[in-house]
Amino acid sequence: MKKYTLTFFLLTVIIMLAACGDDSSSGGSSGDGDGVEEMTLKFAHVVAENTPKHQGALAMKEYIEAESDGKIELEIYPNSSLFGDQDEYQNLAANNIQFIAPDLTKFVGNNPQFNVPALPFLFEDDAAAIAFWDGEKGQEILTSLTDDGVLGLSMWPNGGKQITNNKRAIDSPADFEGLKFRTQGGQVLESLYSELGAGSESIPFGELYTALDQGVVDGQENTFSNIESKKFDEVQSHMTVMNHTRVDYAVFTNTEFWESMNDATREIVEAGLAEGTRVAREEAIKLNEEAYEIIKERGMVEIIELTPEQIEEFRSALEPVYEEYEEAIGADVIEAARTASEQ
Ligand code: LMR
């Protein structure tokens with residue numbers, strides 16, 4: 001009898017332990033019955049709060065926390081407050097953070113195809129850039145970092161870049177001669193400036209205001225929203241509205257973390273990401289338009305709006321960049337981006 005009681009007791013313990021084990025997966029512990037894991041996730045980025053990227057991240061946070069009844073927390077670290085351009089990728093790969101959304105041109109060292117947003121005058125507008133990154137070629141590029149344990153999930157746009165500098169008004173290719181510009185990084189941006197007779201240097205976004213202020217570089221290129229929210233116009237005297245290249249992001253995650261979530265948890269996180277994507281895509285145009293108005297009102301920079309003929313001059317001056325990078329980026333990729341603009 002004693003033997004049967006002991007066997008029954010042991011079986012009960014084993015079943016209870018197995019039930020507990022079922023509910024939890026790495027990175028989180030199980031909640032109360034709905035299977036959603038308790039976890040704290042971190043999303044680090046380098047820009048200010050009043051930007052499309054931060055608004056997208058906020059929408060993602062609100063959705064995930066509400067739908068999981070607070071079991072999943074999403075902490076957002078803007079303004080390079082946790083990690084900056086120099087170290088966010090390594091920390092994502094190490095699963096110290098679960099989400100980043102860098103400017104795609106910052107990944108050209110991993111895969112030269114991330115140069116696409118830097119190809120001059122390639123995308124007509126946000127819609128074209130979105131269509132490309134959501135399409136087959138774009139998805140191939142976003143998922144090309146899995147060897148590092150990093151996975152691109154969803155493209156978030158910011159917009160066309162404008163040129164600012166503190167030396168002179170720029171309205172023709174010759175005006176670039178001898179100036180030095182900060183870039184986000186990458187071979188295409190470097191070549192683009194050298195085609196125009198200018199120098200360039202890659203500097204982390206978090207150090208850019210000081211670099212402009214101290215004259216380390218004469219100018220930079222960025223979206224209205226980044227220029228306004230970081231007050232680069234305070235330390236620059238001229239801004240040329242060019243829209244020649246773009247700032248586009250994707251949300252990247254750590255592959256191991258992503259695959260470790262159970263179904264109930266993943267469903268909420270994926271839906272939260274979709275909500276963040278919707279908001280980021282919706283806010284990008286609006287926030288850039290608003291930022292342009294604020295820059296005009298502040299009146300710190302002389303604003304140069306180019307005529308279609310002047311844009312054409314830049315377009316042909318920068319054409320050689322395509323020949324130079326067609327092989328590294330892929331003619332098929334460039335073609336897919338052009339097709340996206342035609343739709
Ligand atoms: C920059 O480094 O200038 C931008 O790409 C930063 C950002 O994330 O928008």
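Counting convention: from 1, in listed order, for ligands and their atoms alike. Hydrogens, waters and symmetry mates are skipped; everything else that's a heavy atom, side chains included, is used.
Across all non-hydrogen atoms, the minimal contact from E305 to Q310 is O-OE1, 4.3 Å. Closest approach of G186 to V108, counting heavy atoms only: CA-CG2, 3.2 Å.
Under a 4.0 Å criterion applied to the non-hydrogen atoms of D103, ligand 1 contributes the atoms 4 (C), 5 (O). Using a 4.0 Å cut-off to heavy atoms of K53, the atoms of ligand 1 that qualify are 7 (C), 8 (O). When each atom of ligand 1 is checked for a heavy atom of N222 under 4.0 Å away, the hits are 1 (C), 3 (O). For ligand 1, the atoms lying closer than 4.0 Å to a non-hydrogen atom of V47 are 6 (C), 7 (C), 8 (O), 9 (O).
Closest to atom 9 (O) of ligand 1, if we only count protein heavy atoms, is Y249 OH, 2.5 Å. What sits closest to atom 1 (C) of ligand 1 on the protein, heavy atoms only, is F205 CD1, 3.2 Å.
Backbone and side-chain nitrogen or oxygen atoms of Q184 are examined, and one is located within less than 3.5 angstrom of a nitrogen or oxygen of ligand 1. Considering backbone and side-chain atoms alike, D85 places every N or O at 3.5 Å or more from each N or O of ligand 1.
Residue contacts with ligand 1, taken as heavy atom pairs separated by less than 4.0 Å, involve N226 solely via side-chain atoms from C-beta onward.
With a 6.0 Å cutoff to the six-membered ring centre and a 45° limit on the axis angle, R246 does not count as a cation-pi contact of F132.
Enclosure of atom CD in E195 by more than 12 non-hydrogen atoms of other residues, nucleotides or ligands within 6.0 angstrom is indicated.
Checked by atom type and distance alone, the side chain of R281 pairs as donor or acceptor with a backbone atom of M155 at under 3.5 Å. Looking at T255, its side chain does come within 3.5 Å of a backbone N or O of G149 through a donor-acceptor pair.
Put simply, part of K106 is less than 4.0 Å from ligand 1, judged by heavy atoms. Using a 4.0 angstrom heavy-atom cutoff, E221 does not count as in contact with ligand 1. Residue R182 places a heavy atom under 4.0 Å from ligand 1.
Classification of E293 and K296 as a salt-bridged pair holds, one side-chain N sitting under 4.0 Å from a carboxylate O.
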Intermediate values then yes/no, side chain to side chain contact (heavy atoms under 4.5 Å, CB included), Q162 and N243: CA-CA 6 Å; Q162 325 306 342; N243 291 303; 2.9 Å; yes
